[in-house]
Engineer: 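Next up is a structure, given as structure tokens.
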2 protein chains.
Amino acid sequence: MSTTQGARARARIEVTAAIKDEARRRLAADGAAKLSLRAVARELGMVSSALYRYFSSRDDLLTALIIDAYDSLGQAAETARDAAAGSAPVARWTAVCEAVRSWALEHPHEYALIYGSPVPGYSAPETTVAPASRVAFALIGIVRDAHQGPGLAALPLSEALRPEAERMAADLTPGLPPEVAAALVVAWAQLFGLVGFELFGQFHRVVEDREAFFRHAVTGLAHDVGLR
Amino acid sequence: MSTTQGARARARIEVTAAIKDEARRRLAADGAAKLSLRAVARELGMVSSALYRYFSSRDDLLTALIIDAYDSLGQAAETARDAAAGSAPVARWTAVCEAVRSWALEHPHEYALIYGSPVPGYSAPETTVAPASRVAFALIGIVRDAHQGPGLAALPLSEALRPEAERMAADLTPGLPPEVAAALVVAWAQLFGLVGFELFGQFHRVVEDREAFFRHAVTGLAHDVGLR
DNA sequence: ACACAAAAGAGAGCACTGCTCTTGCTCTGG
DNA sequence: CCAGAGCAAGAGCAGTGCTCTCTTTTGTGT
């Protein structure tokens with residue numbers, strides 16, 4: 001039911017895609033806050049009200065861009081993971097981390113869209129959670145593959161965190177010890193802290209050789225989750 | 001020249017403060033993107049054009065709020081550091097980290113203003129760099145105090161990062177080994193990664209007991225910079 | 001083959017925004 | 001005491017998101 005589903009439906013996806021493309025272009029130029037429906041429509045040679053046939057609001061368009069961005073980043077991470085399939089665990093880990101960093105540097109405004117401050121008033125709809133977790137799952141997969149033998153060391157849990165960590169392990173990393181599950185979530189958040197600081201200018205006059213610095217930092221993260 | 005500087009100058013500071021206060025209120029209510037000069041003016045019983053006598057543009061007002069936010073956060077960190085003056089290094093470290101987290105949870109929109117995506121098109125003016133580094137200096141101070149005897153272990157440097165780390169140590173942490181300087185910068189970025197993820201909803205359905213989780217994570221950071 | 005309904009575009013309009021410019025009023029320093 | 005600086009007010013411009021109505025296009029069932 002997909003090959004020839006009417007010329008109208010075909011046109012609809014094409015126009016939808018054209019709108020998103022143009023929006024992405026304007027996003028890259030001026031940032032999310034200045035993204036204007038009218039400007040997008042103008043550039044596409046249509047009138048602004050026509051655009052509402054495709055996206056019911058500006059936030060709706062933004063949400064579509066957010067999902068695409070999560071997917072694009074997730075795919076970059078998975079590609080890097082697969083390309084490093086034969087390497088040692090630490091190398092696979094850093095490969096994924098560096099793919100995240102590279103994607104962020106190439107798509108700064110899209111990165112800001114998904115990992116910066118949530119836009120205006122809205123809260124992310126449930127539709128975004130699956131694409132949002134692709135990077136996390138890529139990292140989890142690497143650690144799971146590596147933890148075959150006896151569990152390598154991660155930071156011991158406090159009593160307060162043990163039940164929480166056991167729940168995390170059950171939910172996210174079945175089969176891995178809770179120490180590792182907790183360490184993974186920590187490392188996941190910290191990875192994006194590093195990327196965000198570089199991207200948002202916090203390393204200005206602090207870190208010069210950012211590539212080397214990032215490599216050093218994510219190697220540390222790999223150790224923290226028990227990879228050697 | 002400050003005590004009695006004319007009623008006019010006095011009024012000016014008062015009005016300026018009132019504008020910032022009202023702006024902060026609206027910021028907390030609707031977020032930075034929806035902060036409207038006209039609404040602020042309206043609430044203050046003045047007309048929008050009058051506001052331009054005090055701030056030359058919307059971005060100008062935002063910048064003033066940014067600086068205030070950095071200062072407020074910096075002060076919170078320093079207060080926590082001083083309150084824990086007698087404790088062990090790790091306790092002092094976590095006290096500062098938790099002060100940062102608490103401040104962020106209490107002022108989410110202001111946090112987003114300074115550590116979220118940089119607003120629209122602008123780039124932070126030089127005026128912001130000093131207040132922005134207060135948290136970092138609080139953390140550095142704790143580590144410097146603790147590293148009196150033989151340098152405790154931090155992650156060894158790669159050859160690629162050594163010159164960079166030596167520069168960092170010279171600039172930021174004179175007297176401390178370059179391994180520790182690098183680890184400090186890493187931990188600094190990672191701290192804000194943790195806070196940002198919690199604040200921006202990334203831990204939704206992932207981390208439940210966020211307090212315990214944060215404590216665990218920053219204890220790890222303390223270890224990474226060589227505190228025990 | 002044709003008519004009809006659904007889909008899409010066009011345009012005007014509302015309420016809002018940041019910002020500028022001109023016009024007056026008020027306070028203050030020489 | 002009074003000229004000039006500081007300040008407020010109002011109108012106005014160009015832009016925004018979004019809604020409503022009207023017209024045109026287009027796919028499809030009889």
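None of the values given here were measured: they were computed from a predicted structure. Below, chains carry the letters A, B, ... as their sequence lines are ordered, and counting in each starts from 1.
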Engineer: Provide, to the nearest angstrom, the distance between the CZ atom belonging to A/Arg26 and the P atom belonging to D/dG17.
Structural biologist: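 Computing the A/Arg26:CZ to D/dG17:P distance gives 11 Å.
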Engineer: How does each nucleotide of nucleotides 8-18 of chain C score, in 5' to 3' order, for protein heavy atoms under 4.0 Å: base (B), sugar-phosphate only (S), or none (-)?
Structural biologist: BBBB-B---BB
Engineer: Considering all heavy atoms of both residues, which atom of A/Arg92 and which atom of A/Ile142 are nearest to each other, and what is their separation?
Structural biologist: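 Taking every non-hydrogen atom into account, O-CD1, 3.5 Å.
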Engineer: Mind calculating the distance between CZ (A/Arg10) and C1' (D/dG27) to the nearest angstrom?
Structural biologist: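 For the pair A/Arg10 CZ and D/dG27 C1', the rounded distance is 16 Å.
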Engineer: Assess whether a salt bridge exists between A/Glu164 and A/Arg167, defined as any Lys/Arg side-chain N lying under 4.0 Å from an Asp/Glu carboxylate O.
Structural biologist: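 Looking at A/Glu164 and A/Arg167, the cut-off is met.
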Engineer: Rounded to whole Å, how long is the line connecting atom CZ of B/Phe55 with atom P of D/dA8?
Structural biologist: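 Distance check: B/Phe55 CZ to D/dA8 P gives 13 Å.
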Engineer: Over how many whole Å does the gap from A/Leu61 atom CG to D/dC18 atom P extend?
Structural biologist: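 Roughly 10 Å, once rounded to whole Å.
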Engineer: Do the side chain of B/Arg26 and the main chain of B/Glu43 share a donor and acceptor less than 3.5 angstrom apart?
Structural biologist: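 Answer holds: no.
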Engineer: Does B/Val185 reach the side chain of B/Met168, with side-chain heavy atoms less than 4.5 Å apart?
Structural biologist: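 Touching, per the 4.5 Å side-chain cut-off.
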Engineer: Looking only at non-hydrogen atoms, find the nearest pair between B/Leu199 and B/Ala104 and report the distance.
Structural biologist: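 Where B/Leu199 meets B/Ala104 most closely, the heavy atoms are CD1-O, 3.6 Å.
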Engineer: How far apart are the closest heavy atoms of A/Ala76 and A/Ala99, and which atoms are they?
Structural biologist: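 What the structure gives for the nearest pair is O-CB, 3.8 Å.
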Engineer: Hey, what's the ring geometry for B/Tyr115 with A/Phe197, parallel, tilted or perpendicular (30° and 60° as the breaks)?
Structural biologist: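 The arrangement is parallel - the two ring planes meet at less than 30°.
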Engineer: Check the angle between the aromatic planes of B/Trp103 and B/Tyr111 and answer parallel, tilted or perpendicular using the 30° and 60° thresholds.
Structural biologist: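 Plane angle between 30° and 60°, so tilted.
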Engineer: In which stems does DNA chain D show up, taking only runs of three or more Watson-Crick or G-U wobble pairs whose two distances fall under 3.5 Å?
Structural biologist: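 Stems for DNA chain D, defined as runs of 3 or more consecutive pairs: C:1-30 with D:1-30.
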